[in-house]
Amino acid sequence: LAHSIHNDFLIAKNSLAVLCVMFAVLFAFSCLHIAGTVITPSYQIFSVGSTIYKLIAIDSDPTVIVSDESPVVAIDYLYRQNTIFWVSDNSIRMALLDITDGVATDYAPFVIGTQITSMSVDWRTSKVYWTDSAAQTIEQYDLVLNRRSTLYQMSTDSSPLGIVVDPFTSWLYWTDGLRGTVERIRVNGTTHRIIRQQKTRINCHSSVSWPIALNYSSQNLYWSDSCINALERVSVGGALSSTVYAGQFLSFASSITSFSSTLWWIQPRTLYEIAVDSGALTRVYSTGALSKLYSVRTVHPDNQPDDLYVPDCSPSCVHGFCADPVANVCDCLDTGWTGPLCNISVRNCNETSTICRDNQKCINRDGSYVCVDILNYTSTAALQIPTTLVRESLINTALPLAVPRLSSSSSVMRL
């Protein structure tokens with residue numbers, strides 16, 4: 001009996017040990033999942049001189065990804081294609097590395113610019129955008145069609161520096177070091193806006209550094225202003241802004257990247273990390289006195305998500321579009337509507353007396369207006385409408401559109 005009890009005890013003990021191991025494994029496995037999705041750790045890729053490195057953790061040593069012949073001034077990546085793009089400081093080529101096979105090639109067979117400071121990849125349309133501060137342009141390259149074009153030409157008092165694209169809203173954002181602005185434009189080259197104008201900066205040197213990053217989930221832009229040594233934040237429409245960090249470690253920041261609630265930026269020889277909510281600052285990596293850091297990106301699938309995410313205002317804009325989902329601001333420009341939700345028709349005839357020609361009558365419509373050429377215009381007691389209509393113009397224009405002449409018996413025609 002004692003022997004039997006002893007055996008039962010051993011079996012129970014072993015079974016308990018197995019259960020404990022299984023529980024530990026399941027617990028550890030569950031810690032790597034959120035809502036059934038495996039958690040993928042983020043990591044940084046950054047350029048030091050002519051070499052691109054990968055850094056997984058603060059306490060680890062970076063590993064070499066690829067080396068170029070010239071300093072690498074701008075980098076970006078396509079996560080699902082396992083590909084890295086970069087531009088060297090002579091700006092004569094765009095290079096590509098397929099991390100799977102480790103083969104690096106010149107992707108764009110042309111001189112891409114004269115002074116490239118930043119680049120951004122649209123992972124949904126496979127296009128690369130970059131700023132050329134010397135030519136005052138924003139350039140684009142279609143990776144599918146192998147075609148390069150100038151998207152936007154700026155004025156001679158401009159110096160475009162940092163750039164970032166939002167594939168979901170089709171906006172391009174960039175900073176201008178000379179004008180002290182954060183600006184945006186549609187990826188088709190239309191609807192240019194200045195969303196942030198920095199205050200006047202005293203004794204600011206001309207070689208300012210303004211890298212920019214976008215947090216896609218929060219719809220906030222972050223950039224470093226080297227003139228005031230500050231890390232700034234503004235909502236994508238420019239309605240809300242604040243200073244995240246101010247200090248000596250931002251005087252020559254050349255690149256910035258965002259993931260979740262953390263930012264990383266590069267000083268000439270140091271990579272810094274800051275928690276946006278707490279402001280806790282960490283020195284992540286230093287190169288020493290002889291090597292210079294240029295560009296950094298945070299690699300993670302959530303930084304290039306597949307799912308279509310179109311941020312919207314709450315409540316939604318009736319007309320126009322949501323210009324700032326953080327501050328719930330609608331843009332009604334050129335829609336014919338006004339009001340917080342773009343749902344109030346602009347009374348063009350009331351606001352502009354010269355909107356139509358002298359021989360025309362202006363009549364308001366919802367979201368628009370018409371100008372009508374009138375002969376013998378008279379008013380009735382109930383309605384201010386023409387008794388004889390010769391022709392009706394196109395909506396929102398004074399150019400005549402021919403319509404059949406009314407018979408003499410017709411006294412009123414409803415527009």
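A salt bridge links Glu139 with Arg148: the distance from a Lys NZ or Arg NE/NH1/NH2 to an Asp or Glu carboxylate oxygen falls below 4.0 Å. Between Asp76 and Arg297, at least one side-chain N (NZ, or NE/NH1/NH2) sits under 4.0 Å from a carboxylate O, which counts as a salt bridge. Residues Lys361 and Asp373 are not paired through a salt bridge, judged by the lack of any N-O separation under 4.0 Å between the basic side chain and the carboxylate.
Although no hydrogens or angles enter the test, the distance criterion places a donor-acceptor pair under 3.5 Å between the side chain of Asn303 and the main chain of Thr298. With Thr117 contributing its side chain and Leu161 its backbone, the two residues share a donor-acceptor pair below 3.5 Å. Proximity of a side-chain donor or acceptor of Ser118 to a complementary backbone N or O of Gly162 within less than 3.5 Å is not detected. Side-chain atoms of Gln304 never come within 3.5 Å of backbone atoms of Pro301 as a donor-acceptor pair (strictly under, hydrogens ignored). Although no hydrogens or angles enter the test, the distance criterion places a donor-acceptor pair under 3.5 Å between the side chain of Ser278 and the main chain of Ala280. Using a distance-only test at 3.5 Å, with no hydrogens or angles considered, no donor-acceptor pair links the side chain of Gln81 to the main chain of Leu78. At least one donor-acceptor pair closer than 3.5 Å links the side chain of Ser295 to the backbone N or O of Ile75. Using modelled atom types, one side-chain atom of Asp324 and one backbone atom of Gly238 make a donor-acceptor pair closer than 3.5 Å. Between the side chain of Thr137 and the backbone N or O of Gln153, no donor-acceptor pair lies under 3.5 Å. Of the possible polar contacts, none joining the Thr270 side chain to the Gln267 backbone as a donor-acceptor pair under 3.5 Å is found.
Put simply, the side chain of Pro268 reaches to within 4.5 Å of the side chain of Phe252, judged on heavy atoms. The side-chain heavy atoms of Ile56 and Lys54, taken from C-beta on, include a pair separated by under 4.5 Å.
Here Trp264 pairs with nothing under the ring-ring contact (aromatic ring centres under 6.0 Å, His included) rule; sequence neighbours left out. Every residue two or more places apart in sequence or in another chain was checked for a ring-ring contact (aromatic ring centres under 6.0 Å, His included) with Tyr77, and none qualifies. Every residue two or more places apart in sequence or in another chain that forms a ring-ring contact (aromatic ring centres under 6.0 Å, His included) with Tyr285 is listed here: Phe46. Listed by chain and number, the residues in a salt bridge (charged side-chain N to carboxylate O under 4.0 Å, His left out) with Glu273 amount to none (sequence neighbours excluded). Partners of Phe249 by ring-ring contact (aromatic ring centres under 6.0 Å, His included), not counting sequence neighbours, listed by chain and number: Tyr272. Residues forming a side chain to side chain donor-acceptor pair (under 3.5 Å) with Asn82 (at least two apart in sequence, or on another chain): Thr100.
Side chains of Arg233 and Ser242: a donor on one and an acceptor on the other come within 3.5 Å. Counting only N and O atoms by type, the side chains of Asp68 and Trp86 include a donor and acceptor under 3.5 Å apart. Remark: the Trp210 side chain and the Asp176 side chain contain no N/O donor-acceptor pair separated by less than 3.5 Å. Side-chain contact of Ser217 with Asn215: a donor-acceptor pair under 3.5 Å is present, judged by distance alone.
Under the ring pair (Phe, Tyr, Trp, His ring centres under 6.0 Å) test applied with Trp123, the options Phe85, Tyr129, Tyr79, Tyr216 reduce to a single match, Tyr216.
The distance from atom CG of Asp98 to atom OG1 of Thr83, rounded to the nearest 0.5 Å, is 5.0 Å. Between Ile195 atom CD1 and Ser235 atom OG the span is 7.5 Å, to the nearest 0.5 Å.
You'll find the ring centres of Trp174 and Tyr152 inside the 6.0 Å limit.
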